[in-house]
Amino acid sequence: MNRLDRASGAPAAIAVIGVLLASAACGGKHPRTTPAASFHREVTDPIGDATPMPDVSNPPDMGHGIVDVANGQITFTVHFVPSTFDRESTRLTIELDTDQDPLTGIRTTYGLGIDYILDLWPANGRTHVMKAAPQPADGVACKPCYVVVGNGELAVEAGGMTATVPLALIGSADGRVSFRVLAYSMKPGVAPASPTKVSDFMPDVTLPPARVP
């Protein structure tokens, strides 16, 4: 099973197909029956708040994020403080609360009930979409577990990354989500599943999660 170590923030991947579609009948805060025309959300993060990391001179430091929902897709763009983004080692995890209910999914201490995560790493060349699986059927201890449900697009620029995925892959019909972005650095040659310390959160864990819209 794939694990995201909450102490270290490191994700890992295994493959299983599954899609979760929430509806108004499930008691969510928003109806999930009509696709949204479009949403736009921006979030900022303080410059210079990245946590020092061993053997990393300039740990990833996020400064600005943009989320757009349109045409049945959701797009996340993350910009980094200059000189802190390394396309060879910088990696992102975007935690998604697709029903905007902190009591469902994998519960955290900072206001999110994680239903899906997006794994953005230029070394993979694409965005992995993973569904939360808090109770694995095989009985293997997993705190918590995620399984891959598909892939999205990943574009890498000089100062950041952009991920685009279909709403259907994250179990959302209308694009309303709560989210938090985690940044960290993967050392060259280290296996993707190896524990890695989070260098930056956006929004910070002392703040509520960002919401779309």
Side-chain angles (χ1 to χ4, degrees), residues 2 4 9-22 32 35-45 60 62-81 84-98 105 112 114-133 146-186 188 192-193 196 198 200-202 209-213:
N2 187 27
L4 176 62
I14 63 174
V16 167
I17 295 179
V19 175
L20 175 63
L21 293 175
R32 293 294 196 266
S38 63
F39 291 130
H40 178 82
R41 177 76 162 91
E42 298 194 26
V43 60
T44 59
D45 189 62
M62 295 179 287
H64 184 226
I66 302 171
V67 186
D68 285 299
V69 176
N71 301 318
Q73 299 188 110
I74 188 166
T75 299
F76 291 87
T77 299
V78 177
H79 298 289
F80 294 83
V81 175
T84 68
F85 173 66
D86 182 351
R87 67 172 56 231
E88 298 299 324
S89 62
T90 301
R91 193 170 184 177
L92 295 176
T93 294
I94 303 177
E95 298 174 334
L96 302 175
D97 186 343
T98 55
L112 275 180
I114 304 172
D115 301 305
Y116 291 82
I117 64 172
L118 306 182
D119 176 30
L120 287 63
W121 193 26
N124 287 335
R126 58 187 179 274
T127 298
H128 290 307
V129 183
M130 303 180 191
K131 181 182 177 182
Y146 297 90
V147 293
V148 174
V149 295
N151 297 303
E153 300 175 5
L154 178 62
V156 182
E157 300 178 353
M161 299 185 239
T162 297
T164 301
V165 300
L167 291 176
L169 276 184
I170 60 169
S172 175
D174 60 11
R176 300 176 187 267
V177 300
S178 296
F179 68 93
R180 197 179 305 274
V181 187
L182 288 63
Y184 44 98
S185 182
M186 298 295 298
T196 305
V198 174
D200 198 14
F201 294 84
M202 183 171 68
R211 293 173 63 92
V212 177

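The basis for the numbers below is simple: all heavy atoms, side chains too, and nothing from hydrogens, waters or symmetry mates. Remember, it's a predicted structure, so these values are computed and weren't measured experimentally.
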When rounded to the nearest 0.5 angstrom, what distance separates [atom1] in [X] from [atom2] in [Y]?
X	Y	atom1	atom2	answer
Asp97	Ser172	CG	OG	11.0 Å
Phe39	Asp174	CZ	CG	6.0 Å
Thr84	Asp86	OG1	CG	10.0 Å
Arg211	Arg41	CZ	CZ	9.5 Å
Lys131	Thr98	NZ	OG1	9.5 Å

Identify the two heavy atoms, one from [X] and one from [Y], that lie closest to each other, and give their separation to 0.1 Å.
X	Y	answer
Ala163	Leu120	CB-CD2, 3.6 Å
Trp121	Met186	CZ2-CB, 3.6 Å
Ile66	His79	CD1-NE2, 4.3 Å
Tyr146	Met130	CB-CB, 3.8 Å
Arg126	Gly152	CB-O, 3.5 Å
Phe80	Gly160	CD1-CA, 3.8 Å

> Under 3.5 Å, is there a donor-acceptor pair between the side chain of Thr127 and the main chain of Glu153?
Replying inline: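 At least one qualifying donor-acceptor pair exists.
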
> Is there a donor-acceptor pair closer than 3.5 Å between any side-chain N or O of Asp200 and the backbone N or O of Met62?
Replying inline: yes

Please tell me if the side chains of [X] and [Y] come closer than 4.5 Å, counting only heavy atoms from C-beta onward.
X	Y	answer
Leu92	Leu182	no
Arg176	Pro213	yes
Ile170	Leu118	yes

> Can Phe85 and Val78 be said to form a side chain to side chain contact (heavy atoms under 4.5 Å, CB included), step by step?
Replying inline: CA-CA 10 Å; Phe85 173 66; Val78 177; over 6 Å; no

>> Could you check whether Asp119 pairs with Arg91 (Lys NZ or Arg NE/NH1/NH2 to Asp/Glu carboxylate O, under 4.0 Å)?
In response: yes

> Regarding His128 and Asn151, is there a side-chain donor-to-acceptor distance under 3.5 Å anywhere?
Replying inline: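 Yes, Asn151 and His128 have a side-chain donor paired with an acceptor closer than 3.5 Å.
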
>> My understanding is that only residues two or more places apart in sequence, or in another chain, count here; which of them pass side-chain hydrogen bond (donor to acceptor under 3.5 Å, both in side chains) with Thr164?
In response: Thr75

>> Using side chain to side chain contact (heavy atoms under 4.5 Å, CB included), reason through Asp68 and Ser38 one step at a time and then give a plain yes or no.
In response: CA-CA 7 Å; Asp68 285 299; Ser38 63; over 6 Å; no

> Knowing that exactly one of Val67, Ile74, Ile94 qualifies, which makes a side-chain contact (heavy atoms from CB on, under 4.5 Å) with Val177?
Replying inline: Ile74

> Which residue pairs pass the ring pair (Phe, Tyr, Trp, His ring centres under 6.0 Å) test when at least one of the two sits in residues 158-183, sequence neighbours left out?
Replying inline: Phe76-Phe179

